[in-house]
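Heads up: the structure comes next, in structure tokens.
Count residues from 1 along the sequence. Remember, it's a predicted structure, so these values are computed and weren't measured experimentally.
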Amino acid sequence: MPEPYDVITMGRIGVDLYPLRTGVPLAQVDTFGKFLGGSATNVAVAAARLGRRAAVITRTGRDPFGEYLHQALREFEVDDRWVTAVDAYPTPVTFCEVFPPDDFPLYFYRLPKAPDLEIHRDELDLDAIRSARIFWMTGTGLCAEPSRTATLAALEARGRSGITVFDLDWRPMFWPDGAEPSTAYARALRHATVAVGNLDECEVAVGEREPHAAARALLAAGVELAVVKQGPKGVLAMHRDGTRAEVPPVPVDVVNGLGAGDAFGGALCHGLLAGWDLERVMRYANAAGAIVAGRLACSSAMPYDEEVTRTLADGRVAAGDPAASAAAASASARSSAQTPEALS
């Protein structure tokens, strides 16, 4: 039997067209970089950067953008064997604006339907999903069929074995008008062992946005570990065994907040797999997220372990990080694979 993956993620993928200058409205932007996108995909990239064997389950269109995404995944050493093409729908494209320190609008083009919502249950490699040390799924995967049924089937196949992470990932624009996500979220929480979300996402999932109340509600819904991201107030983690950690953010001069949440996710997976204590995991994940927030790029900006370790030792992200300008220049020169995701 093949060696189990450290991390398998399931969910969104797409191409992000990113302005190569910050502080410019989209209507005035004339130069873009082409980047790998999608939160679940980006978490896999972040985990791979930290030395983990990672794969993603998703779908693209059968078009040149889909070919690009396969190329980008391979460059990041993320296994793309479960990234398949859909004939009926184009690969999604996302545009963004970058107004540091805290305004990063995203414009999603996923119509008539995104291929990553066409994941079917009978296409899943359930043996690989069962054996993965971490399986990571997202709230977006629950917003439409057949992805909802496939995502829940993957969770059921896990049987709460290993570490199963539910990234609450609430994107209201992806849900049909009038849809009520609470039922699907509740079903997923019963199968997950870890839940990760910001205050808005916690409110959608369990009806609570006060951090401690939200964490307790997530534990009551079935998970073993609740991770509540509080933006500038840092992160709260609460385990069913009574262990808690509440750590402040790592100081950083924000260049682009997109991608920081996914860097946090990949680093969270790395720390959990390493068996670290809860506070160490949270501090490490916070540092990884801060590093990406201090850089213009996203996927290519995902940090290596030595960078996170250095940031933790310094107590902040170094100002004028040369990786920021280097990544931007690389994007301009060769359209390298990068991805934005919202900081939360």
Query - Carboxylate-amine/guanidinium contact Arg12 Asp116, below 4.0 Å - result: no

For [X] and [Y], test the side chains for any donor-to-acceptor distance below 3.5 angstrom and give the result as yes or no.
X: Arg171; Y: Thr140; result: no
X: Glu75; Y: Gln71; result: yes
X: Thr84; Y: Arg59; result: yes
X: Asp305; Y: Tyr284; result: yes
X: His191; Y: Arg158; result: no

Would [X] and [Y] count as a close aromatic pair, with their ring centres under 6.0 Å?
X: Phe166; Y: Tyr185; answer: yes
X: Phe95; Y: Phe108; answer: no
X: Phe32; Y: Tyr18; answer: no

Query raised in the report: Is the backbone of Asp241 close enough, under 3.5 Å, to the side chain of His239 for a donor and an acceptor to pair up by distance?
Result: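 Judged by distance alone, yes, a pair lies under 3.5 Å.
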
Query raised in the report: Looking only at atom types and distance, does a side-chain atom of Arg295 sit under 3.5 Å from a main-chain N or O of Val255, one as donor and one as acceptor?
Result: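 Absent.
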
**Report entry** Quiz item: cation-pi between Arg110 and Phe174, 6.0 Å / 45°
**Finding:** yes

Query - Euclidean distance, Arg244 CZ relative to Leu278 CG, rounded to 0.5 Å - result: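 Leu278 CG to Arg244 CZ: 11.0 Å, rounded to 0.5 Å.
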
